[in-house]
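Any value given below was found using the heavy atoms of this structure, including those in side chains, with hydrogens, waters and symmetry copies removed. Numbering of ligands and ligand atoms starts at 1, following listing order.
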Amino acid sequence: MAAIGDSPRVSEPQALLLESVHETAAESLRAHGITVQTRPKGLGEDDLIAALREMGDGPLMVGIRSKTHVTARVLEAVPNLIAVGAFCIGTDQIALAEAQRRGVPVFNAPFSSTRSVAELVVAEVVMLSRGVFQRSMAAHRGKWAKSAAGSHEVRGKTLGIIGYGHIGSQVSILAEAFGMRVLYYDIDLKLPLGNADKSVTMQALLADSDFVTLHVPDTKLTRGMLGDEELGYMKPGAFLLNLSRGKVVDIPALRERLVSGHIAGAALDVYPEEPASTTEEFRSELRGIDNAILTPHIGGSTVEAQANIGREVATALERWIGTGSTLGCVTLPQLDAPAPSRDASGSRIVNIHSNVPGVLSAINSVVADSSVNIVGQSLATNEEVGLLYIDVQISPNDAKARELRDAIDALETSIRTRLIAL
Ligand code: NAI
């Protein structure tokens, strides 16, 4: 009998996609032999458990966005859930520690909306430079604010990018296409793209830039990294953009600088506190300050980004089913090894185990007793769990492969063990 999560050629997996995940996901999963059910809305805990249980005892995957919560209770109630796809960036809605403990990989899509954010940044650089929002608001009030005063081209101006990762580096390319000079600052060694120049310190970048844009993650180091002192290093009349994470900028300090005119304008998409839903009121000290463009965390909210997210997470789920790859996984150690040879017709035992002393020697003694020829082994571990591939040159339908999988799975340290056709 197949164990839960054996590969498509061993037992058929199914996926339940909720919250109108983009259709690229269902298309891709179906093309890989995975049966897909879709629902437009999210589900509460009890309904999610019921919906998954209705799908039977075979291997299941669930795809969610931000509204559905995959809690510890869901993971316990549906032991045949072998993967969770978060078709978004955040994973706070998933009980990650419990998923790891149960050997359930969780995949998200941190980089699919990169381009969408970068486009909005360069658009807002122009909007800020021309005072478009104030003039538009004035026109709505019947005021004809036709004047060149304070309006500038962005060509030849300096854009300082803090955080030169996926988004920052794309902003760099787009800004250069506008004829801007680009500076960047990153704690990691990053090679410049185009003609961008690296600033050795953040202070130097702040002092040299006409526009400063933030593209860092939310970490202990970045929280509050632009406080009053750092804002003070900025050129008088410069602009600030934050489309990264809300806690990176000290908002009261920014407010002061905007009111005093030291900072000529700002564009913010993220805030220390954000409404949980579209019906909740947005509260911010920046409301009512007309040289601040405030957008409701929409930097990555485009149809194209949703389509990319659908493909990115579906691909991760397909790889997990097909080869046991955990690339992009946020709960298990990341491991991705190709089949040992191109014409291989063998199988891979994918074992997730508790990372405790002696675990590997216990597995290896089971393997040694089995008389099955091993053609490859790969291991990745974190502090809690290990992920091990054992590639053998026999078909997954061969009783010996199944016996070996079962014997490894029976070890006390094993959390989950699957058999995959290579
Ligand atoms: P990334 O991980 O590719 O790049 C982040 C860069 O920041 C890395 O190069 C890293 O070395 C650098 N960094 C980290 N700590 C730093 C520090 N203390 N000082 C200087 N540099 C530092 O991330 P990506 O994809 O470029 O995303 C950047 C940010 O944008 C993230 O916070 C992400 O959550 C946010 N984001 C916002 C969206 C929106 O809708 N507004 C959509 C997508 C991402």
Distance-only donor-acceptor pairs under 3.5 Å for side chains of residues 185-208, two or more places apart:
{"from": "Asp186", "atom 1": "OD1", "to": "Asp188", "atom 2": "N", "distance (Å)": "2.8"}
{"from": "Asp186", "atom 1": "OD2", "to": "Tyr164", "atom 2": "N", "distance (Å)": "2.6"}
{"from": "Thr201", "atom 1": "OG1", "to": "Ala204", "atom 2": "N", "distance (Å)": "3.0"}

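Not a single side-chain hydrogen bond (donor to acceptor under 3.5 Å, both in side chains) links Glu280 to another residue, sequence neighbours left out. For Phe111, the ring-ring contact (aromatic ring centres under 6.0 Å, His included) partners at least two apart in sequence or on another chain are His166.
At a heavy-atom cutoff of 4.0 Å, ligand 1 is surrounded by Ile89, Phe111, Ser113, Val117, Gly163, Tyr164, Gly165, His166, Ile167, Tyr185, Asp186, Ile187, Asp188, Lys190, His215, Val216, Pro217, Leu221, Thr222, Met225, Leu243, Ser244, Arg245, Asp269, His297, Gly299, Gly300.
The side-chain tip of Arg348 points at the ring of Tyr389 from less than 6.0 angstrom away and within 45° of straight on.
No salt bridge links Arg319 with Asp336; every basic N to acidic carboxylate O contact stays at or beyond 4.0 Å.
Put simply, the side chain of Arg135 gets close to the backbone of Arg130: a donor and an acceptor are under 3.5 Å apart.
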